[in-house]
Structure formats: C-alpha cells, structure tokens
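Sending over a structure as structure tokens; questions will come in a sec.
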There are 2 protein chains.
Amino acid sequence: MAEQRKGTLGASCLSCPLRQRNEWSVLNEAETRLLARSRKSRDYRAGESVFTMGEPSHGLYCVVSGTVAIRKSDAEGNVIPIRLAYPGDTLGYRGLLLDAKRRYSAEALGPSRICFIDKPVVKTLLDRNPALGQQFLHRIANDLDAAHDHLMRNATLSNRSKFVHLLLALMNRHGCTATDGSRFMELPLSRRDLASMIGTRHETLSRIIGRLEEDGLARFSGRTVHLTQPHSLVQEIQRPSRLD
Amino acid sequence: MAEQRKGTLGASCLSCPLRQRNEWSVLNEAETRLLARSRKSRDYRAGESVFTMGEPSHGLYCVVSGTVAIRKSDAEGNVIPIRLAYPGDTLGYRGLLLDAKRRYSAEALGPSRICFIDKPVVKTLLDRNPALGQQFLHRIANDLDAAHDHLMRNATLSNRSKFVHLLLALMNRHGCTATDGSRFMELPLSRRDLASMIGTRHETLSRIIGRLEEDGLARFSGRTVHLTQPHSLVQEIQRPSRLD
DNA sequence: CGCCAGGTTGATTTCGCTCAAGCAATGTGG
DNA sequence: CCACATTGCTTGAGCGAAATCAACCTGGCG
C-alpha cells in the first residue's frame with residue numbers, strides 16, 4: 001500500500017505543478033522519471049522535525065505542501081528562525097553541495113508533505129544536466145542576497161521597523177486582502193520566534209504589537225493578524241523614521 | 001608598455017600563487033592560458049572604487065594584492081561594509097551569475113592590484129569546465145553560511161561582543177603576534193565603518209573602545225590596535241555574557 | 001591660516017532588557 | 001470531571017545600554 005502511494009506520487013513528479021516553478025524545471029523527461037522513481041514522499045505532522053543541526057546531509061528535501069521553518073541555533077542555546085520555506089522550495093542544498101553536516105534545523109510548521117531526494121540521485125542529475133547546477137547557483141545567490149538584505153535591515157532599522165518589514169513579508173505569503181483593502185493572515189510562527197527573528201525579546205515584541213494597535217494600524221488576536229492600514233505600514237518602512 | 005606589462009602578468013596567471021588557493025585552481029593549462037590572455041590587471045589607489053551599486057555586471061574581479069571593502073547601502077543613505085576581500089578572493093560572481101546589476105560597491109582600502117575577467121570569458125570557462133561552477137557553488141555556499149552566522153550574532157550578542165568578534169576576525173587577517181602573545185594590527189577601516197558593521201553609532205563604538213581600554217584588554221591609538229590580552233577576549237566571546 | 005573629516009567626550013532622553021507577576025488556553029493524571 | 005502543571009502571551013517596574021544632540025579636539029590640507 002505504501003508502494004502504491006509511492007507509485008502514484010511518483011507519476012505526479014512529471015506532472016507536479018511545483019516543478020514548473022523551481023530548479024527541477026530544467027530536467028528532461030527521462031531525468032524527471034529518474035527523479036520521480038527515486039524520491040520519497042512523506043507527510044509530516046505539525047511541529048515535526050525534517051532535519052536537525054549537526055546530522056549528516058543525506059539528500060535534498062522538496063516542499064510539496066505546508067510551511068517549513070529553517071532555524072539556526074548557537075552555543076548559548078539561542079534559536080532563531082532564518083527563513084520559512086514554502087511549496088516549491090528546495091531545502092538542504094547547502095549541506096549537500098558542501099557535503100557538510102546540517103547547520104540548520106528544519107521543522108514543519110503545519111501538516112506538510114515533503115519529498116526527499118537521495119544524495120546519489122542528485123549527484124547523478126547534476127552530472128547529467130549542467131543546467132541543474134546553474135539553477136542551484138541562482139537559488140543560492142538569491143538566498144545570499146536575501147541574507148544580506150536582512151543583515152542590512154537589522155543593522156539600521158528600529159525594532160518596530162524590523163517587525164513591520166517582517167509582518168509585510170509574511171503577509172505576502174500568508175495573507176489575503178479584504179474588499180476594503182485591509183489584510184488578514186494567520187501567523188505561521190509564535191511571538192517568541194517572531195521576536196528572535198528581529199533580534200529582540202518576546203516582551204519587547206509584545207509592546208511593539210501593543211503600540212501598533214494603539215496607532216490603529218493593526219489588530220492582533222491569538223495568531224490572527226488584521227492590518228487595517230497596510231498602506232500606512234508600507235509608507236512607514238519607506239519613509240525613514242530617523243533622518244540623517 | 002602597457003602591453004608588455006599585460007604580457008608578463010599574463011604569464012604570471014599560470015604561475016600565480018593565489019590561483020592555487022581559489023576557484024581557478026581547477027582549470028587546466030589551456031584554460032588557464034585563456035584566462036591569462038583575457039584578464040586585465042589594474043592597480044587601484046587607496047579609496048578608489050572598483051565597482052558601484054547599480055551598475056551592470058560586466059565580469060569578475062580577482063584580488064591580487066591589497067584589501068577591498070564590499071559595502072551595501074540602502075534608501076536612507078546608510079552604508080555598511082558587508083565584508084572585506086583579500087588576495088585570492090573573487091568578487092562580483094553574484095551579479096555575474098544572476099546577470100543582474102551590482103547590489104554592492106567595492107572599494108580598494110589601500111593600494112591594490114585587481115584582475116578583471118570579462119563575462120564572456122567566464123561563461124566560456126564555465127561551459128568548458130564544469131568543475132569551475134562547482135567551485136563557485138562552494139564559494140557562494142560558504143558566503144551564505146558566513147552571512148547567516150553574522151545574522152545570528154547580530155541578533156543575539158551585545159554590541160561589545162559583536163565588536164570583539166569583529167576585532168578578532170580582523171586580527172586573523174591583519175594582525176601579527178608579539179613575543180609575549182599580545183597582538184597588533186592596523187585597522188583597515190574607519191571607526192565609523194566598524195560601528196556600522198556591528199549596527200551601532202560611532203559614538204557608541206568609541207565608548208566600547210574606551211571600556212576595553214579601561215579593562216586593560218586593548219589599547220587603541222589612531223588606527224593601531226594592540227590587544228594585550230587576546231586570550232581574555234576569546235574567552236569573553238565563548239563564555240556567554242548573558243546566561244539563560 | 002581656516003576649514004574639514006574623523007574621532008572623543010559629556011549630558012540627556014529614549015529604548016529595550018531583565019525580573020516578576022498574572023492570565024488564558026491546553027494538556028494530563030487521578 | 002476536576003486539580004494541577006505547562007506553555008505562550010501580556011503587563012508592570014526598575015535599570016542599564018545605547019541613541020541623540022552637542023561641544024570640542026586633532027591632524028591633514030587647501
């Protein structure tokens with residue numbers, strides 16, 4: 001029965017709508033068939049770990065559905081989410097390409113389906129199709145850009161601005177727009193995680209949220225966020241709060 | 001005469017000691033000859049710009065001698081050094097690989113010699129030798145790691161710890177050790193630049209430096225730094241200043 | 001000489017961290 | 001089904017760190 005599920009999902013690799021939008025799109029049919037045969041699909045429950053810092057890299061993960069948090073932790077035990085991954089994203093290429101141990105851990109934030117592709121298969125595909133390597137280069141170069149942008153914002157912005165940035169970025173992925181232009185979403189992360197993403201304490205984030213509500217810009221209830229004035233928030237991060 | 005200089009330097013590409021230690025080491029002799037013929041060497045004065053944010057990417061730069069600062073700036077006019085590049089480092093691969101405009105600017109911090117390799121030549125070499133692409137992947141993956149480490153430190157450490165980290169990192173590159181184990185260096189960057197690298201104001205950095213001197217850990221005079229107790233500083237960043 | 005950029009220092013205020021208490025939702029074992 | 005612990009979040013009070021504004025110093029440089 002597991003075999004059968006694997007079979008039907010194997011066929012879906014060829015027709016996988018996500019494949020059109022990520023690095024695997026450069027594979028020809030034969031290569032895609034190899035991919036479909038080798039990859040293993042698995043369902044994860046909310047909170048389940050996909051991989052953990054320190055373990056060896058045995059292959060790549062490809063998110064089919066759900067949201068996955070990539071976290072990094074240091075010697076003092078601090079854990080901070082580096083980024084979130086969504087359907088179509090490929091995880092773990094860094095460890096694979098460098099043939100190194102995992103430097104991050106990945107956790108499914110909700111029920112998710114994730115495909116696993118064994119390292120030898122990836123190597124074979126990389127050898128047979130040089131364009132695949134190019135695709136990974138693109139991916140990683142964009143990640144590097146994103147990391148540097150993040151670095152820059154953390155160095156220059158106030159905590160409030162950093163949080164507004166984060167809110168708007170999350171809204172792009174998780175939000176929907178109401179008829180009056182206001183926006184809604186369910187936060188994918190706890191407030192603790194959100195706080196550590198902007199390099200602050202959860203108490204401070206709580207107060208920032210309080211101030212946003214006082215200003216009439218947003219309403220928070222549990223994990224539900226309602227941005228009543230999304231435009232004002234966009235302005236807020238474009239207009240420098242500190243002029244020099 | 002410029003031709004002659006180019007000629008002799010062209011020969012030096014084959015024998016370039018730096019080439020042994022960077023991505024170009026995977027080229028065979030014929031490929032290296034092509035590299036040597038095409039690349040253009042140029043001397044930069046202190047403070048001279050190598051490339052600037054926003055301009056198109058026409059090729060790669062390979063640092064032969066000197067130190068180069070890679071900086072990023074935002075809409076508000078803040079400029080922060082992202083990293084420093086040293087002999088053997090290759091600059092500008094991000095823009096080249098993504099075929100995008102420069103997102104950073106590069107400036108020679110002192111008199112430097114830097115080789116330029118035209119985009120078509122790089123493309124040719126990438127096509128002829130797949131291992132070169134792998135090398136760039138390694139390079140960029142390591143840069144990504146470094147950026148994430150930086151991100152993590154900025155999110156969790158105090159300004160003082162961040163500065164000590166920075167000092168020790170710079171000392172690795174620029175420092176020399178005295179017989180008593182203390183270490184010296186000439187700072188490659190202004191205090192303003194150092195301050196923005198750790199995301200703080202230059203006045204604050206001034207006070208941090210003052211405190212380090214009070215603690216007897218270092219002495220600063222102009223751009224000369226003397227770390228009297230390097231070991232204590234290493235301990236300081238290993239021992240968590242804040243235990244939770 | 002005056003000017004300027006880079007750096008230091010001081011005074012003041014703002015901000016964020018820490019510690020601590022309290023609260024709601026959830027889960028667990030009896 | 002209730003007593004109880006646990007987890008995630010909020011709120012308050014006090015304090016320390018850092019931003020801000022401003023003065024001043026220093027060494028180059030026209």
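Heavy-atom basis, side chains included; hydrogens, waters and symmetry copies ignored. Within every chain, numbering begins at 1; the chains are lettered A, B, ... in the order of the sequence lines, protein sequences first and strands thereafter.
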*Is the distance between the ring centroids of His174(B) and Tyr86(B) under 6.0 Å?*
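Between Tyr86(B) and His174(B), which both carry aromatic rings, the centre distance is below 6.0 Å.
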* Please answer whether the main-chain N or O of Met152(B) pairs with a side-chain N or O of Thr156(B) as donor and acceptor at a distance below 3.5 Å. =>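 Yes: the side chain of Thr156(B) pairs with the backbone of Met152(B).
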Separation of Arg160(A) atom CZ from dT14(C) atom C1', in whole Å?
->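 Distance check: Arg160(A) CZ to dT14(C) C1' gives 15 Å.
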Note to self: At less than 4.0 Å, is any side-chain N or O atom of Asn159(A) found next to OP1 or OP2 of dC15(C)? Yes or no.
What the structure shows: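 For Asn159(A), the contact criterion (side-chain N or O under 4.0 Å from OP1 or OP2 of dC15(C)) is not met.
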- Query: Between atom CD in Glu214(B) and atom C1' in dT8(C), what is the gap in whole Å?
  - Reply: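 Answer to the nearest Å: 13 Å.
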Through what angle, rounded to 10 degrees, does the axis of the helix from dC1(C)-dG30(D) to dG30(C)-dC1(D) turn between its ends, using five pairs per end?
->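 Computed from the C1' atoms at both ends, the axes differ by 30°.
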inquiry  = What is the separation between atom CG on Asn154(A) and atom P on dA18(D), rounded to the nearest whole Å?
reply    =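 Taking CG of Asn154(A) and P of dA18(D), I get 16 Å after rounding.
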Interatomic spacing from CE in Met185(A) to OG1 in Thr177(A) - rounded to 0.5 Å: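 Between atom CE of Met185(A) and atom OG1 of Thr177(A) there are 11.5 Å.
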May I ask you to test the His150(A)-Ile82(A) pair for a side-chain heavy-atom distance under 4.5 Å?
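No, every pair of side-chain atoms sits at 4.5 Å or beyond.
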Problem set entry | Whole angstrom value for the distance that separates P of dA19(D) from CG of Asn78(B) |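 Rounding to the nearest Å, CG of Asn78(B) and P of dA19(D) are 13 Å apart.
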ask   = Within the distance-only criterion (no hydrogens, no angle test), does the side chain of Thr90(B) pair as donor or acceptor with the backbone N or O of Cys62(B) below 3.5 angstrom?
value =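 Judged by distance alone, no pair lies under 3.5 Å.
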Under a 4.0 Å heavy-atom criterion, the protein footprint on nucleotides 24-30 of chain D, written with B, S and -, is -------
Glu213(A) and Arg219(A) ion-paired at < 4.0 Å:
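Salt bridge: no.
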**OP:** From the options Ile198(A), Ile209(A), Asn159(A), select the one residue that forms a side-chain contact (heavy atoms from CB on, under 4.5 Å) with Thr204(A).
**Re:**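 With Thr204(A) as partner, Ile198(A), Ile209(A), Asn159(A) yield a single side-chain contact (heavy atoms from CB on, under 4.5 Å), made by Asn159(A).
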Please list, pair by pair, any protein nitrogen or oxygen found under 3.5 Å from a nitrogen or oxygen in nucleotides 9-16 of chain D.
residue : atom : partner   : partner atom : Å
dC9(D)  : OP1  : Arg191(A) : N            : 3.1
dC9(D)  : OP2  : Arg191(A) : N            : 3.3
dC9(D)  : O3'  : Arg191(A) : NE           : 3.2
dT10(D) : OP1  : Arg191(A) : NE           : 3.0
dT10(D) : OP1  : Arg191(A) : NH2          : 3.3
dT10(D) : OP2  : Arg191(A) : NE           : 3.0
dT10(D) : OP2  : Ser206(A) : OG           : 2.7
dT10(D) : O5'  : Ser206(A) : OG           : 3.1
dG12(D) : N7   : Arg207(A) : NH1          : 3.1
dG12(D) : O6   : Arg207(A) : NH2          : 3.0
dA13(D) : N6   : Arg207(A) : NH2          : 3.4

Could you tell me the separation between the CG atom of Leu187(B) and the C1' atom of dG6(C), rounded to a whole number of Å?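 It works out to 13 Å between those atoms.
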Strictly below 4.0 Å, N to O, side chains only: are Arg71(A) and Glu107(A) in salt-bridge contact?
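Result for this pair is yes, salt bridge flagged.
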query = Checking Ser196(B) side chain against Arg201(B) main chain: does a donor-acceptor pair fall under 3.5 Å?
reply =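 Absent.
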With a 6.0 Å cut-off on the ring centroids, do His58(B) and Phe51(B) count as close?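 Ring centroids of His58(B) and Phe51(B) are no less than 6.0 Å from each other.
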Discussion item. Looking at Thr200(A), I'd like to know whether one of its side-chain N or O atoms comes within less than 4.0 Å of OP1 or OP2 on dC17(C).
Written reply: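 Yes, within the criterion.
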Discussion item. Check Arg160(B) with Asp215(B), please: is the shortest side-chain N to carboxylate O separation under 4.0 Å?
Written reply: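 A salt bridge links Asp215(B) with Arg160(B).
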